[in-house]
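Right, one structure below, let's go through it.
Every chain is numbered from 1, with letters handed out A, B, ... down the list of sequences.
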2 protein chains.
Amino acid sequence: MRCIAGVLPMISSSSSGRSVRDPEATKQQILDAAEAEFSRRGLQGGRIEAIARTAGITTAMIHYYFENKEGLYRSVLCRPAQEACEAIAPLQLEKLPPKVALEKFIRTVIAYEAAHPQRCMLWFQEANQNQGEYFKLLTGHWADAIGPLIDILERGMAEGSFRALDPWLTTVHILGACIFYFNIHENWKHLMPEVDRLSPAVVEQHAQESVRLILAGILNHKF
Amino acid sequence: MRCIAGVLPMISSSSSGRSVRDPEATKQQILDAAEAEFSRRGLQGGRIEAIARTAGITTAMIHYYFENKEGLYRSVLCRPAQEACEAIAPLQLEKLPPKVALEKFIRTVIAYEAAHPQRCMLWFQEANQNQGEYFKLLTGHWADAIGPLIDILERGMAEGSFRALDPWLTTVHILGACIFYFNIHENWKHLMPEVDRLSPAVVEQHAQESVRLILAGILNHKF
DNA sequence: GTCTATAATACGATAGAC
DNA sequence: GTCTATCGTATTATAGAC
């Protein structure tokens, strides 16, 4: 008998009177809590005790499943990298015209960020605290996630629908335009308290304006 | 007799044989070290001991000058907010044609980021760790720094040289395209180890491509 | 103004009961 | 598999000498 994820993990006590849990569910709960904590505070700043409290278990369990703080961190980083690949790959962007593929990529990135608004901070924490030492182990996944965008830009230039541009720099500019919005959200809500920048309607506005800006900035107007 | 900032702060011992220092210089050294530390690790993750070591003084001095960790953090946040204003205001962007002013703004932002590559992390740390609780105290400064860009976009639309766009969203998109480059640097160096993304030549490439993308994305092509 | 020494606490990790 | 209790260390902060 397994717990359903999302409900309280306690199972009624066994005949011995001791409460028991589903190990796989516990592991996932720890990972979820750790992702939030490490996103907020990074590897050094993250508190094992805080993760345990959020996950509803004790610090001893974390050491039982992940050996130590660093092992847990490594496991936390792995999941989003895989999910990013899994979000991009099934789109089969290589089979679409560059312009269509680009818009689809942009909307997928923004939807991913909207679904995990603070997950990107994981990578900024990693970059700034550890100079990407743990990120380094995942370069393969990220190359897979970003490669399709490079490919789109090169195909667009080749067929003449995109103007001449540097694919790598343009990739960074596109991602920046899409993602920065979510990074600054918690600060900017104090600049413009009346707008809920994470509401679906406002995120959709962000997506539309992003697509418009990037397409206008990249399309070859002589074409 | 004062120390010159940047050289070793020790002054030859006085007649009593006790080494002395310039209090103002000490304070600045603490602020510099603290900015680096808090940028890397945020308020909670930052270590007073690490700041003291970098500044070349003891932890006792930090408490002497800034009362406690939180007081030091508050002082650290204040300086970049002021400097951002001081970088933008003298450009007198309101007196330039929108297109010229926009390019100047973009290049100023990128130059500022290149000069302080990890300073932007201060704000991300603040956003994610503290939900902008300390940022809130500085909204005035940031409104002053960003206001000119909003103004440029609105003037451009009014005179018809810019297409119809949302000034606030476009501001975020522009900043994202300019700044994201520096945020991901430490991770992406592992994706493309052969390129030194902080070298002046590559930063200039980034600036050129940014200007090109943003201007092309914003200009009214019917104009 | 700056240091050394230390008190007080917070945190990561482990042992051992159940 | 999960908990309670605890050890050892790292960290913030302070007291007091110079």
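Between Arg53(B) atom CZ and dA10(D) atom P the separation is 12 Å, expressed in whole Å. Note: NZ (Lys69(A)) to P (dT9(D)) measures 18 Å, nearest angstrom. For the pair Leu43(B) CG and dT11(D) C1', the interatomic distance rounds to 14 Å; values are reported in whole Å. Following rounding to the nearest Å, Ile51(A) (CD1) and dA10(C) (P) show an atom-to-atom distance of 18 Å. Taking atom CD1 on Ile57(B) and atom P on dG1(C), their separation rounds to 14 Å, with Å as the unit. Between Asp22(B) atom CG and dT2(C) atom C1' there is a gap of 13 Å when expressed in whole angstrom units. Separating the CZ atom of Arg47(A) from the C1' atom of dA10(C) is a distance of 8 Å, rounded to the nearest angstrom. Look at NZ on Lys27(B): it is 16 Å from C1' on dT2(C), rounded to the nearest Å.
Distances shorter than 4.0 Å separate some side-chain N or O of Thr58(B) from OP1 or OP2 on dC3(C). Phosphate proximity of dT2(C) to Thr26(B): present, with a side-chain N or O under 4.0 Å from OP1 or OP2. Contact check, Tyr64(A) against dC3(D): no side-chain N or O comes under 4.0 Å of OP1 or OP2.
For His63(A), the listed nucleotide lying nearest its side chain is dG12(C); candidates were dA13(D), dA15(D), dG12(C). Distance from the side chain of Ile48(A) is smallest for dG12(C) among the nucleotides dG12(C), dT12(D), dC3(C). Looking at the side chain of Met61(A), the nearest of the listed nucleotides dT2(D), dA13(D), dT14(D) is dT2(D). Comparing dT4(C), dC11(C), dT14(D) by their closest approach to the side chain of Thr59(B) singles out dT14(D).
If you check every strand for non-hydrogen atoms under 4.0 Å, Phe66(A) touches nothing. Gly45(B) comes within 4.0 angstrom of no nucleic acid atom, judged by non-hydrogen atoms across all strands.
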> Does the salt bridge (Lys or Arg N to Asp or Glu O under 4.0 Å) test come out yes or no for Glu37(B) and Arg47(B), once each step is laid out?
Replying inline: CA-CA 7 Å; Glu37(B) 177 72 1; Arg47(B) 299 286 174 247; over 6 Å; no
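A donor atom on one side chain and an acceptor atom on the other are not found under 3.5 Å apart for Glu83(A) and Tyr112(A).
Here Glu186(B) does not pair with Lys136(A) in a salt bridge; the nearest charged N to carboxylate O distance is not below 4.0 Å.
Note: Asn68(B) CG to Ile62(B) CD1 = 11.0 Å, rounded to the nearest 0.5 Å.
Looking only at distances, a side-chain donor or acceptor of Asn187(A) sits under 3.5 Å from a matching main-chain atom of Trp123(B).
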